[in-house]
Amino acid sequence: MDSITKNLESSLQVPSVQELALQRLDKVPPRYIRYSDSDDIISTVSSDPSLRVPLIDMAMLVNAATQDEELQKLHLACKDWGVFQVLNHGVSDTSLKNMQNQVQGFFDLPFEKKKQWAQRPGNLEGYGQAFVTSEEQKLDWNDMIFLKSFPIQNRKLDLWPKNPPRFRETLERYSEDMREATISIVKFITMALGLQDTQISESFREGLYDIRMNCYPPCPEPERVVGIVPHADNSGITLLFDCADFPGLQFLKDGKWVNVEPIDGAIVVNIGHIIEVMTNGIYKAPEHRAVVNKWKERLSIVTFCYPGSSADIRPAKELIGEGNPPIYKNMTSGEYFSNFFNRKLDESFIDSLRV
Ligand SMILES: O=C(O)CCC(=O)C(=O)O
Ligand SMILES: [Fe+2]
């Protein structure tokens with residue numbers, strides 16, 4: 001792999017996977033091949049049907065009578081998995097469905113129309129693919145549109161689609177809903193850890209919110225490609241709305257990949273590197289990937305949630321002391337992002353943040 005440090009806040013332009021899929025090829029082009037037939041992507045998937053991503057009910061976290069029990073469940077979910085599905089998160093079904101319809105409407109547009117909102121050289125935002133830094137790099141079976149939503153001054157409105165016509169207002173509303181949900185979810189995550197003060201959750205009120213809308217077209221050789229290559233998120237937390245009714249997202253648990261079975265109305269929440277640092281590694285950002293299939297397109301709408309830029313990224317003071325040394329460095333928000341965008345692609349990002 002490329003060991004030279006590059007600024008990764010940009011992406012090279014690559015072909016649209018949706019357009020490739022429309023050609024109804026028998027074989028995928030070599031640039032997408034990740035696996036040979038023998039070390040098949042499927043063989044590493046857990047075969048234990050009882051192994052399921054934990055399900056958390058926010059209504060039980062809010063209710064004083066059931067809060068302690070549900071906080072204990074949340075603690076184990078964060079500690080043992082780093083991911084859970086959440087119900088009763090406060091985001092209405094209408095908001096989710098409206099967003100799904102707009103994103104579907106966008107990806108259904110002819111390529112020539114979508115290109116209007118394409119990433120520009122040296123820029124990650126817009127319609128295209130993330131983190132393509134060399135002409136030799138293997139590609140994901142994924143098209144996406146990536147937009148920054150909060151703070152409002154970060155919005156590059158010239159990259160916000162105007163087609164379908166309600167896209168912009170729907171995304172605006174959706175990101176407000178995601179921000180509200182994030183503040184509550186982070187509050188409960190810190191409570192699950194026994195932290196009293198709400199400084200961490202409140203820092204998400206002025207936080208950064210980036211939305212990545214993914215489209216995974218059907219693929220003629222799904223077992224030889226990957227929708228999104230295994231990674232952990234650099235966010236505080238990530239909220240993923242799976243628009244499909246069949247699995248595609250998988251998390252690594254005890255060396256095996258576990259499918260996330262979509263639940264109607266639920267949101268998938270995973271810990272990102274920032275909360276990993278703030279909890280001094282008690283809650284870890286889990287590895288995950290997306291797989292694709294032969295027959296059905298899948299969409300997901302992913303919100304990366306970061307604390308505001310005035311919050312330092314450091315292990316919480318309450319969690320360190322005698323016998324509990326900090327395992328991660330103290331960083332300003334600016335230092336954290338600079339480390340991320342200048343990271344070496346062949347090294348673990350989280351390991352580079354260790355003291
Ligand atoms: O679409 C998915 O299921 C996974 C997306 C993801 O992990 C990401 O965008 O960071
Ligand atoms: Fe991710």
Side-chain angles (χ1 to χ4, degrees), residues 8-9 11 17-18 21 34 41 45 52-53 81-86 96 99-100 103-104 106-107 119 124-132 139-149 171 174-175 178 182 185 208-219 222 225-253 257-263 266-276 283-293 296-306 340-341 343 345 348-350:
L8 295 170
E9 199 172 12
S11 200
V17 179
Q18 271 185 302
R34 306 264 189 174
I41 193 168
V45 175
R52 301 205 56 164
V53 168
W81 285 81
V83 57
F84 52 90
Q85 284 173 290
V86 64
L96 294 176
M99 193 64 215
Q100 175 174 348
V103 174
Q104 184 76 61
F106 174 76
F107 282 114
Q119 290 166 331
L124 203 54
E125 286 180 77
Y127 167 64
Q129 281 204 342
F131 298 139
V132 183
L139 299 177
D140 293 345
W141 196 261
N142 163 285
D143 286 345
M144 62 128 204
I145 175 160
F146 180 76
L147 299 169
K148 299 186 178 183
S149 189
L171 179 57
Y174 181 83
S175 20
M178 288 295 134
T182 297
I185 292 167
L208 274 63
Y209 292 79
D210 299 343
I211 321 272
R212 175 172 167 158
M213 292 147 271
N214 292 303
C215 174
Y216 305 96
C219 177
V225 308
V226 68
I228 282 193
V229 74
H231 66 282
D233 295 338
N234 78 335
S235 56
I237 62 170
T238 302
L239 306 188
L240 182 141
F241 167 34
D242 200 327
C243 303
D245 56 6
F246 53 89
L249 173 62
Q250 299 180 331
F251 282 83
L252 194 60
K253 174 83 171 108
W257 293 101
V258 176
N259 280 318
V260 179
E261 300 285 342
I263 297 175
I267 296 175
V268 184
V269 180
N270 71 260
I271 302 289
H273 286 138
I274 292 179
I275 290 288
E276 176 161 350
Y283 296 163
K284 293 191 177 58
E287 285 278 303
H288 54 285
R289 69 181 187 184
V291 296
V292 299
N293 69 78
K296 285 189 185 166
E297 174 186 270
R298 174 172 169 268
L299 301 184
S300 69
I301 304 170
V302 187
T303 311
F304 300 101
C305 317
Y306 303 85
F340 181 74
F341 287 118
R343 74 193 185 278
L345 278 180
S348 149
F349 172 57
I350 190 73

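Just the heavy atoms: all of them, side chains too, but no hydrogens, waters or symmetry mates, feed the values below. Positions are given from 1, in the same order as the sequence printed here. In listed order, ligands and their atoms are each counted from 1.
- The CZ atom of Phe340 sits 11.0 Å away from the CD1 atom of Ile350 when rounded to the nearest 0.5 Å.
- Close approach of ligand 1 to Asp233 is summarised as follows: ligand atoms under 4.0 Å from at least one heavy atom of the residue are 10 (O).
- Closest heavy-atom contact between Glu297 and Cys215: OE1-SG, 3.7 Å.
- The two residues Arg298 and Ala290 come nearest to each other via the heavy atoms NH1-CB, 4.1 Å.
- Screening Val53, Val260, Val45 for a side chain to side chain contact (heavy atoms under 4.5 Å, CB included) involving Gln250 leaves a single residue, Val45.
- Each of the atoms 7 (O) of ligand 1 lies under 4.0 Å from some heavy atom of His288.
- When each of Met178, Met213, Arg212 is tested with Ile301 by the rule side chain to side chain contact (heavy atoms under 4.5 Å, CB included), just one qualifies, namely Met213.
- Taking CZ from Phe251 and CG from Asn259, the interatomic distance works out to 11.5 Å, rounded to the nearest 0.5 Å.
- Looking only at heavy atoms of the protein, atom 2 (C) of ligand 1 is closest to Tyr216 OH, 3.2 Å.
- Judged purely by distance below 3.5 Å, without hydrogens or angles, the side chains of Asp140 and Tyr216 never pair a donor atom with an acceptor atom.
- Residue-level check: among N/O/S atoms of Asp233, OD1 sits closest to the Fe ion (ligand 2).
- Annotation for ligand 1: atoms under 4.0 Å from non-hydrogen atoms of Phe304 are 8 (C), 9 (O), 10 (O).
- Here is the list of ligand 1 atoms found below 4.0 Å of a heavy atom in Arg212: 9 (O).
- Looking from atom 3 (O) of ligand 1 to the surrounding protein, the closest heavy atom is Arg298 NH2, 2.8 Å.
- In terms of heavy-atom proximity, Glu261 sits nearest to Gln85 at O-NE2, 3.0 Å.
- Within the 4.0 Å heavy-atom criterion, neither part of Asp242 lies near ligand 1.
- In this structure, Ile274 and Tyr306 approach most closely via the heavy-atom pair CD1-CD2, 3.7 Å.
- Note: angle at the Fe ion (ligand 2), from NE2 of His231 to NE2 of His288, is 90° (rounded to 10 degrees).
- Nearest non-hydrogen protein atom to atom 10 (O) of ligand 1 is His231 NE2, 3.1 Å.
- Looking only at heavy atoms of the protein, atom 9 (O) of ligand 1 is closest to Asn214 ND2, 3.4 Å.
- Heavy-atom proximity to Ser300, at under 4.0 Å, picks out these atoms of ligand 1: 1 (O), 2 (C).
- Protein heavy atom at the shortest distance from atom 6 (C) of ligand 1 is Ile228 CD1, 3.7 Å.
- Residue Thr238 does not touch ligand 1, judged by heavy-atom distances below 4.0 Å.
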